Amino acid sequence: MLIDFRELLFGTRDLISQQVELEMNTINNGVSSYDIVKKEPFELCLTKVGKGKFHISAKSFVRLRIPCDRCLEPVDTDVDFVIDESVDMAEASEDEESEEKDYIDGYNLDVDKLVFSEILLSMPRKILCKEDCKGLCLVCGANLNIAECGCDRSVLDPRMSVFKDILNDFKEV
Ligand SMILES: [Zn+2]
Ligand SMILES: [Zn+2]
């Protein structure tokens with residue numbers, strides 16, 4: 001969705017307040033792609049603060065379907081985002097390399113691009129389906145939250161074998 005802000009720069013308006021909606025249905029961070037399973041229209045405000053300068057503010061959330069870090073089961077996660085950006089058109093045209101302002105295209109503001117980078121910044125570092133998720137069996141790949149598969153996983157974990165040696169040493173004494 002594009003918002004034309006010429007009125008703000010050249011017209012008499014000092015404020016553009018508009019209900020906006022995201023068009024995107026996935027968030028792709030370059031490594032993984034997450035489905036947006038819920039989004040709501042929200043209010044976007046552009047406030048003129050000087051000649052060729054305005055401020056953008058908005059606040060909303062998206063619900064993303066992100067796999068659990070341990071067992072890979074999808075976890076629907078609400079990601080709140082806050083838009084709090086200042087735009088100086090004089091600066092934007094001078095500085096061709098400023099990637100931050102890629103959401104400004106001529107005299108249009110691209111809502112999806114603006115929100116996309118905020119969502120990336122607001123995404124949780126760690127996603128767990130539950131605090132004590134047991135994860136996947138390293139041998140057979142079974143989801144250990146559902147059932148214990150009975151595999152001997154100790155051989156695969158070198159830290160565990162060191163631990164076992166120590167235990168054996170204790171026994172021998
Ligand atoms: Zn899990
Ligand atoms: Zn197993």
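Indexing begins at 1, ligand by ligand and atom by atom, following the structure's order. Note that the numbering runs from 1 along the sequence shown for the chain. If you're wondering where the values come from, they're calculated on a predicted model, not measured in any experiment.
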Requested in this report: Would you confirm whether D35, through its side chain, and T26, through its main-chain N or O, come within 3.5 Å as a donor-acceptor pair?
Outcome: no
Query raised in the report: Quick one: does S154's side chain have a donor or acceptor within less than 3.5 Å of a partner on D152's backbone?
Result: no
**Report entry** Rounded to 10 degrees, the angle SG of C133 makes with SG of C129 at the Zn ion (ligand 1)
**Finding:** 110°
Report task. Have a look at the Zn ion (ligand 1) and estimate, to 10 degrees, the angle subtended by SG (C71) and SG (C68). Result -> 110°
Query raised in the report: Has Y107 got more than 12 heavy atoms of other residues, nucleotides or ligands less than 6.0 Å from its OH?
Result: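 At most 12 heavy atoms, drawn from other residues, nucleotides or ligands, come within 6.0 Å of this atom.
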Report summary line: C137 SG to C149 SG via the Zn ion (ligand 2), rounded to 10°, gives 110°
Report task. Check step by step if ring-ring contact (aromatic ring centres under 6.0 Å, His included) holds for F81 and F116. Result -> CA-CA 10 Å; F81 61 86; F116 173 75; over 10 Å; no
